[in-house]
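Before I ask anything, here is the structure I am working with.
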Amino acid sequence: MAQNLSEQELQRREKLDRLRALGVEPYPAAEFKVDCSAEDILKNYESNKTLYKAVSFAGRIMRRRMQGKAAFVEMQDVSARIQVYFNRDEICPGDDKTMYNEVFKKLIDTGDIIGVKGYVFTTQVGEITIHANEFVLLTKSVKPLPQPKVDAEGKEYDSFTDPEQRYRQRYVDLNVNPEIRETFVQRTQLVNTMRSYLSEKGYLEVETPILQPIYGGAAARPFKTHHNTLDMTLYLRIANELYLKKLIVGGFDGVFEFAKDFRNEGMSRFHNPEFTQMELYVAYKDYNWMMDMVEEMVEKIALVLHGDTKVQVGENEINFARPWKRYTMFEAIEEYTGIDISEMNESQLRSTAEKLNVPVDATMGKGKLIDEIFGEKCEGLLIQPTFITDYPVEMSPLAKKHREKEGLVERFECICNGKEICNAYSELNDPIDQRKRFEEQLELGKRGDDEAMVLDEDFLRSIEYGMPPTAGLGIGIDRLAMIMTNSSSIQDVLFFPQMKPEKRGPELGENEKLIYEIVKKECKIELGLLKAQVDLSNKKWDKAIKGLANQGLTKVNKTDQGLFIELVG
RNA sequence: GAUCUGGUAGCUCAGUUGGUAGAGCAUCUCCCUUUUAAGGAGAGGGUCCAGGGUUCGAGCCCCUGCCAGAUCACCA
């Protein structure tokens, strides 16, 4: 089907032909050598002017201010925006002024990518500017970019703000709102800092399967897929925990992976169906050691990204300076509700939850009830980074039983800005206990908990050979990136957040579809015959036939035999 | 999944009881040699998200659906 092009898009397509007629290729192949960036010029020109007598610069035209035989153009490269000055008699020294009058003034547009050669100077109003002696079109843009402007008071006009368009067309967002590039640069710095921190400690970065026959390592609903040759169901991983622990069994003493995980659950500003988690397992360590490590690592990330342990996040200033507050889960609940639940049984917990207006249901076991109370009454209030330790055993089937406290496991989460950013345990390495815990999960599954874990025989077999005492950590990269970049939605730290597909053009109406199906089958049919088949009112019939023709799908031909409708294309 | 809000020109947005679809920027034509969101004059540009209904007449009212955002629920 033909694209429906706007007036401006058609104009720009015509310019392609006009350019070629003048011998200007709008999509040239040749390399254009760039020897400076906008940021470089803006930063260093004043202090060393002789370096910028001959520059070669490339970028996208973001704004043009034409002024007769002169023009000012704002160009943007990856680093910044810089002004470029064009003068007709410099661009066209001879009698032929075509390059300026025609090519530059009429056929070049905002959004085009060009290269310029010239020298840097300062204009009368004091702006550092490239004086172009020559320019070359590098890429013609046939779709107009939004052109936001900012005035002297910083007031914005026509800003490109519609979240749907920004997420769907991130390439436009990145061009038009270049400040958001910084968020993604910081995200990469975060990952790089973490990676080098862990590598320097001697831990091995590894890769483990994303397609898994049994999904495990977390409580979540998976995406299900199918392998044709093996004719078997595979799941996209919800976690890589079990595979990494198998590597510890295999003798590595520290392994980590930046893992894309997939969870088939609700979406919100904190949840994307695919997200990134860094998981780390270190042999001969416990969860106390891991808490110290997390503090150190995250503090370092804050320092690298911001030069400070303090990070502004929305209304809150979050300080990652060590040491962080540490509460046991029972202490936290007592702190925020005034109730000591540490000695309660399941029915006491249920009535306490009800008293606190925490929604409960029959499928919830003791651990889940405690977790609900915590999640409802404490989590959102923890703004500064805080470790919550010692979770109920029922909700932590992969964590080692607490060395002293009955009914608890050696587990911690770090809560920051009211959200969990990491989760860690002293890993359970007792194969007999591990089997029992899996079996308890199966029981929970039968009670209706659709996130209960599945029993993984191969994982059990591995730890039967013996896994050294190990500390394990999972840290949410997206969540941490949101905090570190002051982003309120996970979509702002993902280049391409998951979206429903946008509709391409108008869909066919019911009546149009009905007619189209028949015409498609027959290829060509007499109009009266067709009308008898579809049984529509005159008005609907007329509208549908015209609609199909307007969309270029069908064509009506008049022949000696009568009026025929046929398929186009 | 629930509730609320929104979808009108390339972008940002108006649109009166329901009576010929508007503005600014952008685009096109002409004039302008150091400008700072916005120089001057003129012109063009629309599937008002889609489908149905009410009506003499719908961008507006009603119904259904699509997409998005916010809040909530589940989850990290």
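So that the names make sense, note that chain A is the first sequence line, chain B the second, and so on, each numbered from 1.
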Whole angstrom value for the distance that separates C1' of A26(B) from CD1 of Ile61(A):
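Going from CD1 in Ile61(A) over to C1' in A26(B) covers 15 Å.
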- Query: Mind checking what makes side chain to side chain donor-acceptor pair (under 3.5 Å) contact with Ser489(A), not counting sequence neighbours?
  - Reply: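 Partners of Ser489(A) by the side chain to side chain donor-acceptor pair (under 3.5 Å) criterion, ordered by chain and then number, come out as Gln491(A).
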Please measure how far the P atom in U12(B) lies from the corresponding atom in G7(B), and state the result in whole Å.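 One P to the other, the span is 12 Å.
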- Task: Looking at every strand, decide which applies to Glu74(A) at a 4.0 Å heavy-atom threshold: base, sugar-phosphate, or nothing.
- Result: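 No contact at all - Glu74(A) keeps every heavy atom at 4.0 Å or more from the nucleic acid.
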| request: With sequence neighbours excluded, tell me which residues meet ring-ring contact (aromatic ring centres under 6.0 Å, His included) with Tyr100(A). | output: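 Residues passing ring-ring contact (aromatic ring centres under 6.0 Å, His included) with Tyr100(A): Phe104(A).
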Is there, by distance only and without an angle test, a donor paired with an acceptor across the side chain of Thr129(A) and the base of U34(B) below 3.5 Å?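 Side chain to base: no pair present.
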Exercise. Taking the same atom, P, in U20(B) and in C48(B), what whole-Å distance lies between them?
Worked result: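 Straight-line distance between the two P atoms is 16 Å.
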Scan every strand shown for a Watson-Crick or G-U wobble partner of A23(B), both distances under 3.5 Å, and answer none if you come up empty.
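Check on A23(B): paired to U12(B), both distances under 3.5 Å.
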| request: Rounded to whole angstrom, note down the C1' distance from C30(B) over to A68(B). | output: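 C30(B) and A68(B) have their C1' atoms separated by 43 Å.
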Dump the pairs, protein N or O against N or O of nucleotides 70-73 of chain B, anything under 3.5 Å, distances to one decimal.
| residue | atom | partner | partner atom | Å |
| --- | --- | --- | --- | --- |
| U71(B) | OP2 | Arg269(A) | NE | 3.2 |

**Asked** Using atom P of each nucleotide, how far apart are U36(B) and G19(B) to the nearest Å?
**Response**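 Per the computed distance, 44 Å lies between those P atoms.
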#### Entry: Criterion side chain to side chain contact (heavy atoms under 4.5 Å, CB included) against Ser487(A), the qualifying member of Ile180(A), Leu494(A), Asp492(A)
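Among Ile180(A), Leu494(A), Asp492(A), the one meeting side chain to side chain contact (heavy atoms under 4.5 Å, CB included) with Ser487(A) is Asp492(A).
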**OP:** May I ask you to say what Val125(A) touches in the nucleic acid, namely base, sugar-phosphate or nothing, with a heavy-atom cut-off under 4.0 Å?
**Re:**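 Base: the residue Val125(A), judged by heavy atoms under 4.0 Å, touches a nucleobase.
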* Please determine, for the side chain of Glu127(A), which listed nucleotide (A76(B), U36(B), U34(B)) has the closest atom? =>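 The answer is U36(B), which lies nearest to the side chain.
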Worksheet entry | Parallel, tilted or perpendicular: ring planes of Phe495(A) versus Phe184(A), cut at 30 and 60 degrees |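 Judged by the thresholds at 30° and 60°, the geometry between Phe495(A) and Phe184(A) is parallel.
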In whole angstroms, how far is the P atom of U34(B) from the CE atom of Met66(A)?
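The distance from CE of Met66(A) to P of U34(B) comes to 13 Å, rounded to the nearest Å.
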Problem - Between A14(B) and U55(B) - P atom distance, rounded Å - result: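 Here U55(B) and A14(B) have their P atoms 32 Å from each other.
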Side-chain touch Pro273(A)/Phe223(A), heavy atoms, less than 4.5 angstrom: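 Yes, side chains in contact.
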#### Entry: Complementary nucleotide for U29(B) - Watson-Crick or wobble, under 3.5 Å
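Looking at the geometry, U29(B) pairs with A41(B).
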Self-check item: Whole angstrom value for the distance that separates P of A37(B) from CZ of Arg81(A)
Solution: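 Rounded to whole Å, this separation is 13 Å.
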Which of the following nucleotides, A37(B), U35(B), C67(B), is nearest to the side chain of Arg168(A)?
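It is C67(B).
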Taking the six-membered ring for Trp, does Tyr157(A) stack with A37(B) (centroid gap under 5.5 Å, planes within less than 30°)?
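It does: the two rings, one from Tyr157(A) and one from A37(B), meet the stacking criterion.
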Exercise. Measure the shortest side-chain to side-chain distance between Val172(A) and Gln165(A) over non-hydrogen atoms and say whether it is less than 4.5 angstrom.
Key: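 The answer is no, as the side chains (C-beta and beyond) never meet within the 4.5 Å cut-off.
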| query | Between Lys49(A) and Glu46(A), is the closest basic N to carboxylate O distance under 4.0 Å? | reply |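 Yes.
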Does either side chain, that of Ser79(A) or that of Glu39(A), offer a donor lying less than 3.5 Å from an acceptor on the other one?
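There is no such pair between these side chains.
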### Integer-rounded Å distance: A76(B) P and Asn417(A) CG
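Checked: the CG to P distance equals 18 Å.
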| For atom CZ of Phe270(A) and atom P of G69(B), their distance in whole Å |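 Computing the Phe270(A):CZ to G69(B):P distance gives 15 Å.
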Using the 3.5 Å cut-off, write out each protein N or O paired with an N or O of nucleotides 28-31 of chain B and the distance between them.
| residue | atom | partner | partner atom | Å |
| --- | --- | --- | --- | --- |
| C28(B) | OP1 | Lys15(A) | NZ | 2.5 |

Can you check the Phe72(A) CZ to G39(B) C1' distance for me, whole Å?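 Going from CZ in Phe72(A) over to C1' in G39(B) covers 13 Å.
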Q) Does U34(B) have a Watson-Crick or wobble mate here (both distances under 3.5 Å), and if so which one? A)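 In the structure as shown, U34(B) has no Watson-Crick or wobble partner.
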**OP:** Have a look at Thr389(A) and tell me which of Arg411(A), Met291(A), Met329(A) forms a side chain to side chain contact (heavy atoms under 4.5 Å, CB included) with it.
**Re:**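 Going through the options one by one, the only one that passes is Met291(A).
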Exercise for the section: Could you tell me which nucleotide pairs with U71(B) by Watson-Crick or G-U wobble geometry, both distances under 3.5 Å, or answer none if nothing does? Expected result: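 Checking every strand shown, U71(B) finds its partner in A2(B), with both distances under 3.5 Å.
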Note to self: Work out how far the C1' atom of C49(B) is from that of A2(B), and round it to whole angstrom.
What the structure shows: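 Pairwise C1' distance, C49(B) against A2(B), rounds to 23 Å.
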Considering heavy-atom distances to RNA chain B, does Asp151(A) or Arg12(A) have its closest nucleotide positioned more toward the 5' end?
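Looking at RNA chain B, the more 5' nearest nucleotide goes with Arg12(A).
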Exercise. In Watson-Crick or G-U wobble terms, both distances under 3.5 Å, what is the partner of U55(B)?
Worked result: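 Pairing partner: none.
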Is Arg170(A) salt-bridged to Asp173(A), cutoff N-O under 4.0 Å?
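A salt bridge links Arg170(A) with Asp173(A).
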Give one of base, sugar-phosphate or nothing for Asn264(A), where a contact means two heavy atoms less than 4.0 Å apart.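 Counting heavy atoms under 4.0 Å across all strands, no contact is made by Asn264(A).
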Looking at Glu14(A) and Arg18(A), is any side-chain nitrogen of the basic one under 4.0 Å from a carboxylate oxygen of the acidic one?
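Salt bridge flag = no for Glu14(A) with Arg18(A).
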* **Atom C1', compared across A58(B) and G40(B): separation rounded to whole Å** =>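 Result for the C1' pair: 41 Å, nearest Å.
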Legend entry - Test: Arg64(A) and Asp109(A) ion pair at under 4.0 Å: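 No.
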- Any idea which of A76(B), U33(B), U35(B) is nearest the Lys69(A) side chain?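 Of A76(B), U33(B), U35(B), U33(B) is nearest to the side chain of Lys69(A).
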- Length of the line joining Lys500(A):NZ and C49(B):C1', which is rounded to integer Å: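 Those two atoms, NZ and C1', are 15 Å apart.
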Please determine, for the side chain of Gln83(A), which listed nucleotide (U34(B), A76(B), U35(B)) has the closest atom?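 Out of U34(B), A76(B), U35(B), the nucleotide with an atom closest to Gln83(A)'s side chain is U35(B).
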- prompt: Could you give the CZ-to-P distance, from Arg65(A) to U35(B), as a whole number of Å?
  reply: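 Atom-to-atom, Arg65(A) to U35(B), this comes out as 11 Å.
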Margin query: Tell me every residue that passes ring-ring contact (aromatic ring centres under 6.0 Å, His included) with Phe72(A), counting only those two or more places apart in sequence or in another chain.
Written below: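 Once residues adjacent in sequence are excluded, the partners of Phe72(A) under the ring-ring contact (aromatic ring centres under 6.0 Å, His included) criterion are Tyr85(A).
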Given protein heavy atoms under 4.0 Å, the one-letter contact record of nucleotides 4-11 of chain B, with B base, S sugar-phosphate only and - none, is simply ------BB
- [ ] Would you please determine if the base of A76(B) is stacked by Phe275(A), with stacking meaning a centroid separation under 5.5 angstrom and planes under 30 degrees?
- [x]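 Answer is yes, a stack.
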* **C1' spacing across the pair U17(B) / G57(B), given as an integer number of angstrom** =>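 Roughly 14 Å separates the two C1' atoms.
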I want to check something: taking the side chain as every heavy atom from C-beta on, are Met194(A) and Phe258(A) in contact at a cut-off of under 4.5 Å?
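Yes; the side chains approach each other to less than 4.5 Å.
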message: So Arg65(A) and Glu74(A), do their side chains get closer than 4.5 Å, heavy atoms only?
response: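 Yes - at least one pair of side-chain heavy atoms lies under 4.5 Å apart.
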